[in-house]
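Since the structure comes first, as structure tokens, the remarks are kept for the end.
Any value given below was found using the heavy atoms of this structure, including those in side chains, with hydrogens, waters and symmetry copies removed. Every value quoted in this text rests on a predicted model; they were computed, and no experiment measured them.
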Amino acid sequence: MRCLVTGATGYIGGRLVPELLAAGHQVRCVARSPGKLRDYPWSGRVEIVRGDVTDEESLGAAMEGVDVAYYLVHALGTGPGFEETDRRAARNFGERARAAGVRRIVYLGGLTPAGVDERELSPHLRSRAEVGRILLDSGVPTAVLRAGVIIGSGSASFEMLRYLSERLPLMVTPRWVRTRTQPIAVRDVLRALVGCAGLPDDVHRAFDIGGPDILTYRDMMRRYAAVAGLRRRLIAPVPVLSPRLSSLWVGLVTPVPGSIARPLVESLRHEVVCAERDLARSVPDPPGGLLGVDRALELALRRIGDADVATRWSSAATPGAPSDPLPTDPDWSGGSLYTDLRERTVAASPRDVWRVVEGIGGENGWYSLPLAWALRGWIDTLVGGVGLRRGRRDATRLRVGDSLDFWRVEEVLPPRLLRLRAEMRLPGLAWLEMRVDRDAEGRTVYRQRALFHPRGLAGQLYWWGVSPFHALVFGGMARNIAAKAETDGAGTDATASV
């Protein structure tokens, strides 16, 4: 069948595409910025079209000839009107699917607590439930899958669990850690999504999906500690800490920012346990059964240890982060565009310099004033930004759309260009561009360019306030990247000669 996947740049969508291909389906991905899918290993095997679920015209064109349409997007965190945006997008999706003759819609939503008035749910869960109803009312046979905590390498839920457990051997925790939940392994979620493509046309309903274990969040932290080989965690719940305070606390301890942690925390206020397992009648469980929590945690940790994390929670665009591309017109007319330029001749091959450039960030750091970078990251976290702790998806390779600490990879052209767009909280837009070239005499040249487009007076004051430190930060970065490449290159040459 031909399957349309929205949200292919996100955590689930980016993993679903290769699973659909492996099942023999044709896949069409719709993305607002198709270039973000360029470097995915499966991009050459799918059709990629430009579109937006809130744009009826582009969505209608993307639906043409589609058998099954996967709805894997949401507007969470885009502002106070995100519920209306979700509502409008779901209606567009359903209407365009019906008009195009799509045979089935498949939607992954959130598991909602039984017996709780919807008005008492968090805005996140309430919106997910409403989107499911809108799609079920679209006139197209629809399968709504409702999942709770999803455990897999790179998922926001797993990262939150991982860092809380590893960094806090003794925790005074809010009462939501005692709430029962039914987590599910990401591979079982993907298996269910793929299986829904083959559901009979008369199947039109919502399904609860969850793993075999029902346990509290406190139990999950202790299970994680045991699987990871950590000492038993001491956890003392207290009847305080609102979801807002809890999300700020999670944002300080883990790489997951408060804006994403809050809906995760709010979804744990009520017990979320599957009320039925009816999907297994049409999409049978695998021969060995669904994965339990311990096995799901083991697999996730193994993926991380092998540096084989296909997608991360940060794969999708960060809510509220700037998305404007770097202006390409040299006589740009959009206002002030401040630039800091650095250039160094390097006694190393372009390959050696590129290896350092592409490995920047994460555990390798930024090659200048680590304390200053750490301080900037903490400030960003305190004001609600993503901070420095998102790290890297892969220790050595980058692709367009990857998150890199508080940057996003806007362009990467190995072995000569890496351009990063800032996603920290700033009064303007910022980019950091690194190039590796040769000069007229054949020498390797490293060129570094930081750009800033200020927003209003605050942006102007910000630039002139930090510009005195540029020589230390950006100058030191260029100097140390060159030195690292020369050292690594010399080591490689010595090994080769031996």
**Q.** Closest heavy-atom pair and its distance - Gly292, Pro212
**A.** CA-CG, 3.7 Å

Nearest-0.5 Å distance that lies between atom [atom1] in [X] and atom [atom2] in [Y]:
| X | Y | atom1 | atom2 | result |
| --- | --- | --- | --- | --- |
| Leu145 | Leu108 | CG | CG | 6.0 Å |
| Leu190 | Leu193 | CG | CG | 6.5 Å |
| Arg223 | Leu161 | CZ | CG | 11.5 Å |
| Glu130 | Arg87 | CD | CZ | 4.0 Å |
| Leu420 | Ile360 | CG | CD1 | 7.5 Å |

Q) With distance as the sole criterion, is a donor-acceptor pair present between the side chains of Trp373 and Asp405 under 3.5 Å? A) no

Q: Evaluate the salt bridge (charged side-chain N to carboxylate O under 4.0 Å, His left out) criterion for residues Asp55 and Arg32: first the C-alpha distance (whole Å), next the side-chain angles of each, then the deciding distance (0.1 Å), finally the verdict.
A: CA-CA 10 Å; Asp55 176 27; Arg32 286 176 295 180; over 6 Å; no

Regarding [X] and [Y], does a basic nitrogen lie under 4.0 Å from an acidic carboxylate oxygen?
| X | Y | answer |
| --- | --- | --- |
| Glu95 | Arg98 | no |
| Arg397 | Asp394 | no |
| Glu363 | Arg392 | no |
| Asp201 | Arg103 | yes |
| Glu298 | Arg295 | yes |
| Asp402 | Arg399 | yes |

Mind checking whether [X] and [Y] have side chains closer than 4.5 Å, heavy atoms only?
| X | Y | result |
| --- | --- | --- |
| Glu19 | Leu21 | no |
| Lys36 | Val409 | no |
| Asp380 | Leu388 | no |
| Arg191 | Val283 | yes |
| Arg421 | Trp407 | no |

Q) For Arg88, does the CZ atom sit with more than 12 other heavy atoms under 6.0 Å from it, leaving out its own atoms? A) yes

Q.
Atom CD of residue position Glu276 - does it have more than 12 heavy atoms of other residues, nucleotides or ligands inside 6.0 Å?
A. yes

Q. For Tyr107, what residues pass the ring pair (Phe, Tyr, Trp, His ring centres under 6.0 Å) criterion, not counting sequence neighbours?
A. Tyr71

**Q.** Residues in ring pair (Phe, Tyr, Trp, His ring centres under 6.0 Å) contact with Tyr70, at least two apart in sequence or another chain
**A.** none

Q | Asp39 side-chain N/O to Val400 backbone N/O, donor-acceptor pair under 3.5 Å | A | yes

**Q.** Donor-acceptor contact present, side-chain Glu358 to main-chain Leu398, <3.5 Å
**A.** yes

